[in-house]
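First comes the structure, then the notes that go with it.
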Amino acid sequence: MKNIQNILVFATNIRTVNDKQLMSCTLNENSEIHQWNIDQEDIDCVLRVVSETLSEEQIINIVNRHNFNCRPLD
């Protein structure tokens with residue numbers, strides 16, 4: 001069985017504990033997201049998402065719906 005997981009990496013403006021809590025429910029409830037984390041100590045507040053099916057654009061749309069900025073990091 002082949003297990004392919006994509007790790008998508010984004011710069012965000014999810015800076016505070018409250019910001020993270022707002023996104024937490026949405027990200028945790030999405031069955032297509034296997035794992036995620038936000039490095040709020042990084043200047044880019046890096047969001048990492050592990051998903052086999054979601055695209056960068058879909059993640060950006062999820063984050064943008066909560067009025068946060070999100071852009072792919074290379």
*Mark yes or no for whether Glu32, through its side chain, and Glu52, through its backbone, hold a donor-acceptor pair below 3.5 Å.*
no
*asked:* Using a 3.5 Å distance criterion without hydrogens, assess whether the side chain of Asp42 forms a donor-acceptor pair with backbone atoms of Asp44.
replied: yes
So do [Y] and [X] actually touch side chain to side chain, heavy atoms under 4.5 Å?
{"X": "Ile59", "Y": "Pro72", "value": "no"}
{"X": "Trp36", "Y": "Asn30", "value": "no"}
{"X": "His66", "Y": "Asp19", "value": "no"}
{"X": "Thr12", "Y": "Phe68", "value": "no"}

*Looking only at non-hydrogen atoms, find the nearest pair between Cys45 and Arg15 and report the distance.*
SG-NH1, 3.1 Å
*Would you name the heavy atoms of Thr53 and Gln58 that are closest together and state the gap between them?*
O-OE1, 3.8 Å
Find the distance between [atom1] ([X]) and [atom2] ([Y]) and round it off to the nearest 0.5 Å.
{"X": "Leu8", "Y": "Glu57", "atom1": "CG", "atom2": "CD", "result": "12.5 Å"}
{"X": "Thr16", "Y": "Gln40", "atom1": "OG1", "atom2": "CD", "result": "6.5 Å"}
{"X": "Ile14", "Y": "Leu27", "atom1": "CD1", "atom2": "CG", "result": "7.0 Å"}
{"X": "Leu47", "Y": "Ile60", "atom1": "CG", "atom2": "CD1", "result": "10.0 Å"}
{"X": "Cys70", "Y": "Asn13", "atom1": "SG", "atom2": "CG", "result": "9.0 Å"}

*asked:* Could you walk me through whether Ile7 and Gln35 satisfy the side chain to side chain contact (heavy atoms under 4.5 Å, CB included) test, starting with their C-alpha distance in whole Å, then the side-chain angles of each, then the deciding distance to 0.1 Å, before giving a yes or no?
replied: CA-CA 9 Å; Ile7 301 173; Gln35 189 175 18; over 6 Å; no
*Do Met23 and Leu54 sit in the same hydrophobic cluster, where Ile, Leu, Val, Met, Phe, Trp and Tyr count as joined when their side-chain heavy atoms come under 4.5 Å apart?*
yes
*Within one Ile-Leu-Val-Met-Phe-Trp-Tyr cluster: Val50 and Ile38, side-chain cutoff 4.5 Å*: no
